[in-house]
Amino acid sequence: MKGSLTKTVILLVGMYVFLKFILPLFTAPLPASLIFLYLALTLASAMIFYTMSGGSLDEFMGPIGRFLTGTGQTGIAGTARILVFVLFPLLVGWQTYTRLAPSDVPPAENRTIHPAPPGEFVGLSNPYERTQNNVMMGKGLYAAFCSPCHGANFDGKGPAAVGFNPPPANFSDPGTIAQLQESYLFWRIKKGGVGLPVEAMPWKSAMPRWEVELPDEWIWKIIMGEYDGAGQSPRTWEEEE
Amino acid sequence: MGYQKIFSVALGLIFTVTGAGAPCVFASDPPPEDGGGSVAVRLHLTDGPVPSGDPNAAVWDTIQPAEFKLAPQVHWPDRIQEVTVKSVKVRGMHNGQDLAMLLEYADPSEDAADAAAIEFMVGDKMAHFAHGQEMLQVEGGPVNIWYWKKEDGKGTDMSAKGFKTIRAQDNQNVSATGAWQEGTWRVVFSRPLQTGDDHDVQVTPGEWRNVAFAFWDGEIVDGAVKEQGSQKAVSSWWYFRAEPPPDNSIYGYVVLGIALAAGFEFFLLRRIRRGNE
């Protein structure tokens, strides 16, 4: 078990590179807090592993202990040691300052973008057939009612998009409707921003509650037109399981 | 076995060091959704009186404005697809007693029906930015709207909770003055931070609150006012905060933090040395 400390450091760096740079190629980037948690878990596991495999904790901790006490150190290692001892308190001081200093940045809000829909909207399927006519009609309705915000190109860049925070969803982004089922869209379009649960901050959403203006039939056809126009297809039940 | 004993201490050290370092190492989280404009208005703390009633006071130009984009109101009927006011610059000041907010925006013509409004949530309940309209899963609160119209020549303190419920309050606490010059309106709203009126937003220095804006171009086009009622330029919720008084106790905590960290190092070293003996 020689060099268990080195191995652990390599493991941690590798893990960081993986979480930070490689994973985002396939999915949404992880928040920093989550990456930190995963790294902490990896480290804890490594330490437990070396402890469990008997006696080797000495090897693991040895280099750290020798470094900190300065045993047999000369030159660069000695300077590094002093640097660590000076930097650590400064880092704590700086950290305290940034936590307490008055900030001009409002508190971060973690808005859940895709909260669970109410039960009555789970598993509905589009009652209208996907005919050329229906898709055309849906696209026409979309142009009339949705494009001012979501954009004629389904990219969330309509002429009215700029004033709103959060911005209107970009349907051509694989992170929005391609992740969702038609029944979920039916809920979101019918009930709008005000239909969202508290974790999705309904008070901020400009998405209209279309049930007060549009019949269900139109909403189902808009959904067809929306997927077609955005070049996406709905997530289906089979993929879900 | 010294190492066994210091196991948890060392673990703590590593976690503290990485925990402290993490924010710098990982500072590249995706930025908040802000569409490129500002996110918040800061009401700058001043010693003297705030320039209520004076949109052209020189002191306004010493403040860096926040800028918010505006959209034609297409969220609920009656909609409008094209509006005059495309964005607004907002500056704010307070002196612990009174606050003033200056809205500056482009409008090519000065008209009697030109109007501007600032909206706030009231109390602790969240309110939808569209006049506190009903939410289906969350019990919402009312909104407080400060309204100015050129022909009124004053500010009106209003309340709403849901569409078509907007009305002027019995207690009027808001004043407003507008000045138009070369295609730009400058409208200053002012009010005491605290009013003791339950229908009003109460502003406490240091506390973040929500704010939204609306504007109407009152130009007469084909015999009718171009923008009125729900046909206006709007924003949804952004933030504002009255700057808190400076707090020097922070430096005390910084010194304490440094001392604790140094003490920690000292005892850790002693522990390891003992373990090695």
Side-chain angles (χ1 to χ4, degrees), chain A residues 20 29 31-32 35-36 39-40 43-44 47 51 57-58 61-62 64-65 68-69 71 85 88-98 100-102 104-109 118 148-149 159-167 191 193-198 201-206 208-209 213, chain B residues 3-4 6-7 10-11 14-15 17-18 20-23 26 29-30 32-35 39-40 42 69-72 74-77 81 126-129 133-138 140 208 233-239 241 244 247 250 253-255 257-258 260-262 265 268-269 272-273 276:
Chain A
K20 181 80 190 174
I35 295 185
F36 176 60
L39 288 186
L43 177 64
M47 294 184 84
T51 332
L57 188 64
D58 274 2
M61 299 304 296
I64 297 179
L68 289 179
T69 50
T71 318
F85 274 95
F88 175 64
L90 289 182
L91 205 59
V92 172
W94 179 72
Q95 189 65 11
T96 315
Y97 179 78
T98 51
L100 294 179
D104 281 338
V105 183
E109 280 187 343
C149 288
V162 291
F164 300 121
N165 168 42
K191 302 290 177 185
V194 293
L196 290 167
V198 65
M201 305 188 179
W203 52 88
K204 298 181 80 176
S205 171
R209 180 180 175 185
E213 295 178 66
Chain B
Y3 287 137
Q4 298 292 6
I6 66 155
F7 180 78
L11 203 66
I14 289 166
F15 275 46
V17 172
T18 32
F26 303 104
D29 253 359
E33 32 185 8
D34 65 8
V39 180
R42 168 171 166 199
K69 298 234 170 75
L70 301 163
V74 289
H75 172 66
W76 75 98
Q81 301 296 336
M126 292 303 186
H128 194 273
F129 74 86
Q133 72 169 299
E134 185 196 13
M135 295 180 278
L136 308 178
Q137 302 197 48
V138 176
W208 287 105
V234 291
S235 80
S236 59
W237 291 125
W238 296 102
Y239 295 93
R241 188 175 74 149
D247 176 7
I250 293 175
Y253 286 110
V254 170
V255 172
I258 292 177
L260 283 177
E265 286 177 346
L268 179 73
L269 262 190
I272 302 177
R273 289 229 169 88
N276 284 350

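In what follows, every chain begins at residue 1, and chains take the letters A, B, ... in the order their sequences are listed.
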Does any heavy atom of chain A fall under 4.5 Å from the side chain of [X], the backbone, both, or neither of them?
X: B/Tyr239; value: side chain
X: B/Ile258; value: both
X: B/Ala127; value: backbone
X: B/Val254; value: both

Checklist entry - Is the backbone N or O of B/Arg273 less than 3.5 Å from a side-chain atom of A/Thr69, with the two atoms forming a donor-acceptor pair by type? => result no
Between [options], which has the largest tally of heavy atom pairs under 4.5 Å with chain B?
options: A/Pro106, A/Ser205, A/Ala160; answer: A/Pro106
options: A/Gly195, A/Pro118, A/Gly93, A/Ala206; answer: A/Ala206
options: A/Gly193, A/Cys149, A/Pro202; answer: A/Pro202

Item to check | Region of A/Pro159 in contact with chain B, defined by heavy-atom distances below 4.5 Å | outcome: backbone
Looking at every heavy atom in both [X] and [Y], which two are closest together, and how far apart are they?
X: B/Gln133; Y: A/Val194; result: CD-CG1, 3.5 Å
X: A/Val162; Y: B/Lys69; result: O-CB, 3.7 Å
X: A/Pro107; Y: B/Trp208; result: CD-CD1, 3.3 Å
X: B/Tyr253; Y: A/Thr96; result: O-CG2, 3.7 Å
X: A/Leu68; Y: B/Leu268; result: CD1-CD2, 3.8 Å
X: A/Asn165; Y: B/Trp237; result: ND2-O, 3.6 Å

Item to check | Largest heavy-atom contact set with chain A, pairs under 4.5 Å, which of B/Val255, B/Asp247, B/Leu70 | outcome: B/Leu70
Item to check | Those residues that, when tested against B/His128, pass ring pair (Phe, Tyr, Trp, His ring centres under 6.0 Å) (two or more places apart) | outcome: B/His75
Next on the checklist: In the structure I gave you, are the side-chain heavy atoms of B/Val39 and A/Val105 within less than 4.5 Å of one another anywhere?
Outcome noted: no
Item to check | Validation row: B/Leu260, A/Val92 side chains within 4.5 angstrom (heavy atoms) | outcome: no
